[in-house]
Amino acid sequence: MKLSPRSAGLVSAVVTVLIWTSFIVIARASASHSLLPLDIAFLRILGAGSVLLPWGWWLLRKQRSTGDKVGSLCGLSPLPLRITAIAGVFGSMLYAMLAYSGFFFAPAAHASVLMPGSLPLWTSLLAIVVLQERISQTRAIGLACIVLGDLLVGGASLLKAFEGGEVWKGDLLFMSAAFCWSCYSVTVRRHSLDPVRATIAITAFSCVTFVPIYALAVSSGLIASHLNAAPASEMLFQAIYQGVGSVVISGITFNVMIRHYGPVRSTMITALVPGLSALGAVAVLGEPMHLNLLAGLALVTCGILFGVRKS
């Protein structure tokens with residue numbers, strides 16, 4: 001039975017929150033295993049490509065049979081080249097590289113606050129500039145809470161940088177990754193992209209750019225990699241979970257959520273992600289929960305919930 005637009009948006013929001021929550025915990029746990037950050041990004045793209053590239057080829061062939069010749073990348077992307085490249089750079093390549101690198105410096109609790117917490121801030125600013133959207137007073141108050149929460153978490157790690165700590169590097173990488181994902185979400189809304197086609201397009205772009213370049217750099221010794229030494233089970237798990245789960249499933253559900261709720265409200269609906277992933281980091285990874293993290297988590301969550309409210 002076909003779901004109504006409201007039901008589809010709600011189901012997509014639930015699935016997205018669950019996958020994003022487990023993504024933070026699993027990505028941090030992966031930092032203590034064999035693979036390096038770019039190795040995980042490489043396997044993520046390969047895993048997603050194994051599903052989405054054949055799907056994209058089939059969609060493009062179907063489009064051409066109806067007289068629609070829109071497509072690019074030699075039939076791998078169902079979207080025009082310019083949109084494919086913009087969405088692919090921000091929504092696939094840069095996001096994966098920055099996010100996975102951040103987990104090698106900062107704990108999952110920081111990612112819980114800074115990644116989903118920064119999304120409404122970046123998306124709202126981009127929506128004002130790109131989409132000419134107006135931000136209501138209630139949403140502005142919510143964004144102010146998010147900024148304060150981010151400062152409580154990121155500011156503490158920046159202060160520790162003078163003592164030789166490296167957590168601040170992870171915090172900056174997390175916020176940069178959130179900015180890239182916000183650029184992608186605004187691009188999806190601006191061009192009214194179909195969820196499946198958008199996810200296929202960004203994966204196709206990464207498969208024809210990042211994958212061959214990274215493979216060549218690793219084989220020539222320009223970039224360090226542990227792909228040769230990592231267990232096959234670990235690589236298979238990353239390809240399936242990060243590729244099929246985080247890209248294929250949550251990529252489509254996130255885009256459905258954007259089409260129904262809009263980019264700003266969609267990123268604010270992820271209010272459960274910071275709290276759930278922070279609790280998961282404590283319960284599964286044994287990470288400590290300091291006072292500044294609790295305060296930052298509370299402010300970010302309240303800010304997201306406050307911003308979701310109608311003015």
Side-chain angles (χ1 to χ4, degrees), residues 12 16 19 23 38 40-100 119 122-123 126-127 129-131 176-217 239 242-260 262-263 266-267:
S12 298
T16 302
I19 294 179
F23 164 80
L38 296 187
I40 301 176
F42 178 78
L43 293 170
R44 169 191 173 103
I45 295 169
L46 284 182
S50 65
V51 175
L52 295 176
L53 291 187
W55 196 350
W57 177 84
W58 177 79
L59 280 179
L60 197 58
R61 188 175 181 181
K62 185 179 179 181
Q63 286 181 198
R64 288 174 176 171
S65 67
T66 60
D68 187 356
K69 297 182 179 180
V70 175
S72 59
L73 300 180
C74 301
L76 296 177
S77 172
L79 299 180
L81 181 59
R82 180 176 176 273
I83 298 177
T84 297
I86 294 174
V89 167
F90 289 107
S92 181
M93 287 179 56
L94 288 180
Y95 173 77
M97 294 168 66
L98 292 169
Y100 292 127
L119 280 175
W122 295 128
T123 308
L126 289 170
V129 176
V130 179
L131 304 178
S176 299
F179 173 77
C180 290
W181 191 259
S182 295
C183 291
Y184 168 63
S185 65
V186 170
T187 300
V188 169
R189 178 59 181 268
R190 182 182 185 183
H191 299 283
S192 300
L193 300 182
D194 174 77
V196 174
R197 285 173 168 79
T199 308
I200 291 172
I202 65 174
T203 303
F205 181 80
S206 295
C207 284
V208 301
T209 54
F210 177 79
V211 168
I213 292 174
Y214 185 69
L216 181 62
Q242 305 293 353
V244 180
S246 296
V247 176
V248 179
I249 298 177
S250 73
I252 293 173
T253 56
F254 182 77
N255 282 315
V256 172
M257 191 169 59
I258 288 177
R259 291 184 68 185
H260 182 71
S266 292
T267 51

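Counting begins at 1 with the first residue of the sequence.
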Trainee: Provide the closest heavy-atom pair for Ser12 versus Val256 in the form atom of the first, atom of the second, distance.
Mentor: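 Heavy atoms only, the tightest pair is OG-CG1, 3.2 Å.
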Trainee: Looking only at heavy atoms, what is the nearest atom pair of Leu60 and Gly75, with distance?
Mentor: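 Taking Leu60 first and Gly75 second, the nearest heavy atoms are CD2-CA, 2.9 Å.
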Trainee: Looking at every heavy atom in both Gly245 and Ile19, which two are closest together, and how far apart are they?
Mentor: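 Taking every non-hydrogen atom into account, O-CD1, 3.7 Å.
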Trainee: To the nearest 0.5 angstrom, please state how far the CE atom of Met97 sits from the OG atom of Ser176.
Mentor: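 Taking CE in Met97 and OG in Ser176, the distance rounds to 12.0 Å.
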Trainee: Please give me the minimum heavy-atom distance between Tyr184 and Ala198, naming the atom from each residue.
Mentor: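 In terms of heavy atoms, the two residues are closest at OH-CB, 3.8 Å.
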Trainee: Kindly state each residue pair satisfying side-chain hydrogen bond (donor to acceptor under 3.5 Å, both in side chains) with at least one member in residues 198-216, sequence neighbours excluded.
Mentor: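 Sorted pair list: Asp39-Tyr214, Ser92-Ser206, Thr199-Asn255.
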Trainee: To the nearest 0.5 Å, what is the distance between OG (Ser182) and CG (Leu119)?
Mentor: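 One gets 4.5 Å once the value is rounded to the nearest 0.5 Å.
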Trainee: Kindly give the heavy-atom pair with the smallest separation between Leu79 and Ser72, and that separation in Å.
Mentor: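 The answer is O-OG, 2.7 Å.
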Trainee: Could you pull out all residues at least two apart from Thr253 that satisfy side chain to side chain donor-acceptor pair (under 3.5 Å)?
Mentor: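 Thr253: side chain to side chain donor-acceptor pair (under 3.5 Å) contacts with Thr16.
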Trainee: Please report the interatomic distance CG(Leu76) to CG(Leu59), rounded to the nearest 0.5 Å.
Mentor: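 Going from the CG atom of Leu76 to the CG atom of Leu59 covers 12.0 Å.
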Trainee: Which distance, rounded to the nearest 0.5 Å, do you find between the CD1 of Ile202 and the CD1 of Ile86?
Mentor: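 Answer for the CD1-CD1 pair, Ile202 versus Ile86, is 13.5 Å.
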Trainee: What residues, two or more places apart in sequence or in another chain, satisfy salt bridge (charged side-chain N to carboxylate O under 4.0 Å, His left out) together with Arg197?
Mentor: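 Salt bridge (charged side-chain N to carboxylate O under 4.0 Å, His left out) check on Arg197 returns Asp194.
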Trainee: Output a table of donor-acceptor pairs, distance under 3.5 Å, between side-chain atoms of residues 40-53 and any protein atom two or more places apart or on a different chain; print 'none' if there are none.
Mentor:
| residue | atom | partner | partner atom | Å |
| --- | --- | --- | --- | --- |
| Arg44 | NH1 | Tyr100 | OH | 3.0 |
| Ser50 | OG | Gly47 | O | 2.6 |

Trainee: Return the CD1 to CZ distance between Ile83 and Arg190, rounded to the nearest 0.5 Å.
Mentor: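 Between Ile83 CD1 and Arg190 CZ, I get 9.5 Å after rounding to 0.5 Å.
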Trainee: Could you name each residue pair satisfying salt bridge (charged side-chain N to carboxylate O under 4.0 Å, His left out) that touches residues 77-91, not counting sequence neighbours?
Mentor: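 Checked against salt bridge (charged side-chain N to carboxylate O under 4.0 Å, His left out) - neighbours excluded - no pair reaches residues 77-91.
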Trainee: Using 0.5 Å steps for rounding, measure from the SG atom of Cys183 to the CG atom of Leu94.
Mentor: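 Cys183 atom SG to Leu94 atom CG measures 9.0 Å (nearest 0.5 Å).
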Trainee: Do you know the tightest heavy-atom contact between Ile200 and Gly56?
Mentor: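 Closest approach of Ile200 to Gly56, heavy atoms only: CG2-CA, 3.5 Å.
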Trainee: For Trp181, run the ring pair (Phe, Tyr, Trp, His ring centres under 6.0 Å) check against Phe254, Phe90, Phe23 and tell me which one passes.
Mentor: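 It is Phe254; the other options fail the test.
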Trainee: Taking only residues two or more places apart in sequence or in another chain, which ones pass side-chain contact (heavy atoms from CB on, under 4.5 Å) with Ile213?
Mentor: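 If we apply the side-chain contact (heavy atoms from CB on, under 4.5 Å) test to Ile213, skipping adjacent residues, there are no hits.
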Trainee: Parallel, tilted or perpendicular: which describes the rings of Phe179 and Trp122, with under 30° parallel and over 60° perpendicular?
Mentor: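 Ring orientation, 0 to 90° scale: perpendicular.
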